[in-house]
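Numbering of ligands and ligand atoms starts at 1, following listing order. The figures that follow rest on heavy atoms only: side chains count, while hydrogens, waters and symmetry mates do not. Note that the coordinates shown come from a computational prediction; the quantities given were computed from them, not determined experimentally.
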Amino acid sequence: MAKKEASTENGFSFTRSASSNARNGLARIQTHTNTPEVCHDDSTPPVRAQTIHDLHSLQKKKSSAPSTPITSSSATSPFSTILEEERQRLQLQSISASLASLTRETGPKVVRGDPASKVVTHHHHDHHYITPTFDASDSALKFTHVLYNLSPAELYEQAIKYEKGSFITATGALATLSGAKTGRSPRDKRVVKDESTEHDLWWGKGSPNIEMDEHTFLINRERAVDYLNSLEKVFVNDQFLNWDPEHRIKVRIVSARAYHSLFMHNMCIRPTPEELEEFGTPDFTIYNAGQFPCNRYTHHMTSSTSIDINIARKEMVILGTQYAGEMKKGLFSVMHYLMPKRNILSLHSGCNMGKNGDVALFFGLSGTGKTTLSTDHNRYLIGDDEHCWSENGVSNIEGGCYAKCVDLSREKEPDIWNAIKCLPRCAVVENVVFDEHTREVDFSDKSVTENTRAAYPIEYIPNAKIPCVAPHPKNVILLACDAFGVLPPVSKLSLAQTMYHFISGYTALVAGTEDGIKEPQATFSACFGAAFIMMHPTKYAAMLAEKMQKHGATGWLVNTGWSGGRYGVGNRIKLAYTRKIIDAIHSGSLLNSEYTKTEVFGLEIPTAIEGVPSEILDPVNTWADKKAYQDTLLKLASLFKKNFNGFISYKIGTDQSLTEEILAAGPTL
Ligand SMILES: Nc1ncnc2c1ncn2[C@@H]1O[C@H](COP(=O)(O)OP(=O)(O)O)[C@@H](O)[C@H]1O
Ligand SMILES: C=C(OP(=O)(O)O)C(=O)O
Ligand SMILES: [Ca+2]
Ligand SMILES: [Mn+2]
């Protein structure tokens, strides 16, 4: 504060000394004959400010109030300001309640706004306290400043000012670093096992839900809350999930970084000012204290990272990882619980729709092409990653996309390229490398991680359909990135085969997205998203089978991975070919083309597709070493068998014959 005053002083004294210098010898420049002592620049009218602070305060105009009055008659009445104050008070009360330690009777003192800007506006009568610093150790005695639903511009400023590694790229995106973790940590994702989740959720072998008890959750929650309250300020986002208005979920994200707040601003559905006014109590809250580790002496903790979900408390706690994807995928897990409870199927899939209303789902694990293939210039984008399929059709859960951007090119992925590009915009690019001077991003540079990412609001894709809802799907495309190079580029599946492959969820984990993965590794991830499902895979499979049957959807298996040999020998199938294959599925032309059946996997493969060399459609043609092909094919088949053994004792829905057909739909050795 003192420093600012002083610099203003200097400013004025400089004018004086400049004129005294003139008297002491330097020739004075005479601009007007009748000018007095001070030189006026009268080419523009003088600003209406006495001090530089006044000038700065002119620069910022108060945001206009939401356009919908709280009650239709209150807008112009004297009660409206009282109501607005009351509303703000309730909002702060709700945030304080969110941040409350469970061992204290009251929550922390919270106040809106940036503590830094409060220093400058010290003359405001309502701030008669000293801006807290770390020497105010007892959180009961200090204020926590809440930066509530800041705009992207404000978040940019916060990030640039306070977060190391934040820069504005040449195209206007915010470049950030996520710290030591640049991918998800599935082995640190825990779920509270209590009386109800014990029965509802999938536990044990193969399950992504590592159990934790309520007490341990509370210890981690306390650790996160204490950490957040020890800070001068926290970011709070109140937003929505799910574009289906009947099943919309209100989420609150409390975090310590502008980067996290901007990421969620981009990824969740952004409320209108009117919707925000009526937000009330969130349905689910995330405490992201990712900069702070969990205590390894705490029961169940196996590393300094823990992502903990408590269904009963409707809360999630993040400690020890700043990878932003944990928040989005954590909420996705929660949706995998909440939605099936309402008989709605949650899907780890992208979704788009043709001009004629034909809808396609793209299931697939990370890096298999959901984002890339659902972003299609000739079709409407519904969403790139998380959807719900209800009686009403498909709805996107999110309000943004999260694209891998390693080797991103304008030619191959123009829409994603442009989504990160245009100003004034609020894309976040994570862990990318850029030119020190021009700030041009080099998407081919993997120095920080292979899993570089861009998060942007869905409306940055020109043909996104808002609201992000669509009719029932016609095609269900299962994407597998086969690092063995033996799965055909495309196969048409029977319903039983679709279920077999959906439950198997085979792909290669590609480097980066999960912590510790350095090169492609075969994996089976039930429902193409085992890391995010909450209940047993057969529960989701039964729902999918029922819906596909009811709406007459066709299943397809598309290999976006290797061809002509395994990883290291062959090459990844050209994106241009995969796009042609997908085009033929959408248009309906592939449904009626000529097919042959493969050995071992019994897959129906087309003999020709426009724009795709026919010889690659049967992978055996692309391998120089036929013996190696046969061995690799059998190896993969046995991996499928072994994996599916874990499911043979389960029934899929109520249909016994379907269960038997599914069992028979796998490879034969
Ligand atoms: N044949 C292909 N089909 C789809 N993606 C491909 C193909 N070849 C290479 N890729 C690349 O693989 C990555 C797929 O990632 P992405 O679409 O973000 O996957 P997901 O959304 O399923 O996690 C992209 O970087 C894409 O350019
Ligand atoms: C964000 C992720 O999703 P995806 O790779 O499926 O886009 C992730 O797995 O961390
Ligand atoms: Ca790419
Ligand atoms: Mn994706």
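In terms of heavy-atom proximity, Pro606 sits nearest to Val490 at CD-O, 3.5 Å.
Within the 4.0 Å heavy-atom criterion, neither part of Lys412 lies near ligand 1. Only side-chain heavy atoms of Asp385 come within less than 4.0 Å of ligand 2; its backbone N, CA, C and O stay farther off. Under 4.0 angstrom from ligand 2, the non-hydrogen atoms of Arg453 all belong to its side chain. Under 4.0 angstrom from ligand 1, the non-hydrogen atoms of Leu365 all belong to its backbone. Contact annotation for Thr578 and ligand 1: only side-chain heavy atoms (C-beta onward) come within less than 4.0 Å of the ligand.
For ligand 1, none of its N or O atoms has an N or O atom of Asp385 under 3.5 Å away. An N or O contact shorter than 3.5 Å links Ile573 to ligand 1 by distance. Geometrically, ligand 1 and Leu373 share no nitrogen or oxygen pair separated by less than 3.5 Å.
Between Ile416 atom CD1 and Lys404 atom NZ the span is 12.0 Å, to the nearest 0.5 Å. Remark: Ser306 OG to Arg190 CZ distance equals 4.0 Å, nearest 0.5 Å. Between the CD1 atom in Ile269 and the SG atom in Cys468 there is a gap of 7.0 Å [rounded to 0.5 Å].
Between Phe332 and His336, the angle of the ring planes lies from 30° to 60°, which puts this pair in the tilted group.
Aromatic rings from Phe640 and His501 are positioned such that their centres are separated by under 6.0 Å. Ring centers of Tyr402 and Phe263: under 6.0 Å apart, within the cut-off.
Residue Ser366 has at least one heavy-atom neighbour below 4.0 Å for each of these atoms of ligand 1: 23 (O). The ligand atoms of ligand 1 that sit less than 4.0 angstrom from a heavy atom of Thr372 are 14 (C), 15 (O), 16 (P), 17 (O), 24 (C), 26 (C). Close approach to Lys370 involves these atoms of ligand 2, each under 4.0 Å from a residue heavy atom: 6 (O). Every atom of ligand 2 is numbered from 1 in the order shown, and the set under 4.0 Å from a heavy atom of Lys328 is 1 (C). Within the listing of ligand 2, atoms 10 (O) sit less than 4.0 angstrom from a heavy atom of Tyr323.
Tyr595 carries Lys492 over the face of its six-membered ring, with the cationic atom under 6.0 Å from the centre and within 45° of the normal.
Considering His348, Met267, Lys329 only, the shortest heavy-atom separation from atom 4 (P) of ligand 2 involves Lys329. Taking each of Lys404, Arg572, Arg453, Lys574 in turn, the one with a heavy atom nearest to atom 11 (C) of ligand 1 proves to be Arg572.
The shortest heavy-atom distance from Gly364 to ligand 1 is not under 4.0 Å. Ligand 2 does not have Gly325 within reach: every non-hydrogen atom of the residue lies 4.0 Å or more from it. Residue Glu326 places no heavy atom under 4.0 Å from ligand 2. Ligand 1 has Thr368 within reach: a non-hydrogen atom of the residue lies less than 4.0 Å from it. The shell of residues lying under 4.0 angstrom from ligand 1, judged by heavy atoms, includes Glu413.
A side-chain N or O of Glu430 and one of Tyr259 form a donor-acceptor pair less than 3.5 Å apart.
Using a cutoff of 4.0 Å between basic side-chain nitrogens and carboxylate oxygens, Glu386 and Lys328 are scored as salt-bridged. Between Arg248 and Asp283, none of the side-chain N atoms (NZ, or NE/NH1/NH2) sits under 4.0 Å from a carboxylate O, so this pair counts as no salt bridge. Taking a cutoff of 4.0 Å between a charged side-chain nitrogen and a carboxylate oxygen, Lys370 and Asp384 do not qualify as a salt bridge.
Of the residues Asn475, Leu493, Val476, Thr498, the one that meets the side chain to side chain contact (heavy atoms under 4.5 Å, CB included) test with Thr554 is Asn475.
At least one N/O/S atom of Thr371, whether from backbone or side chain, sits less than 2.8 Å from the Mn ion (ligand 4).
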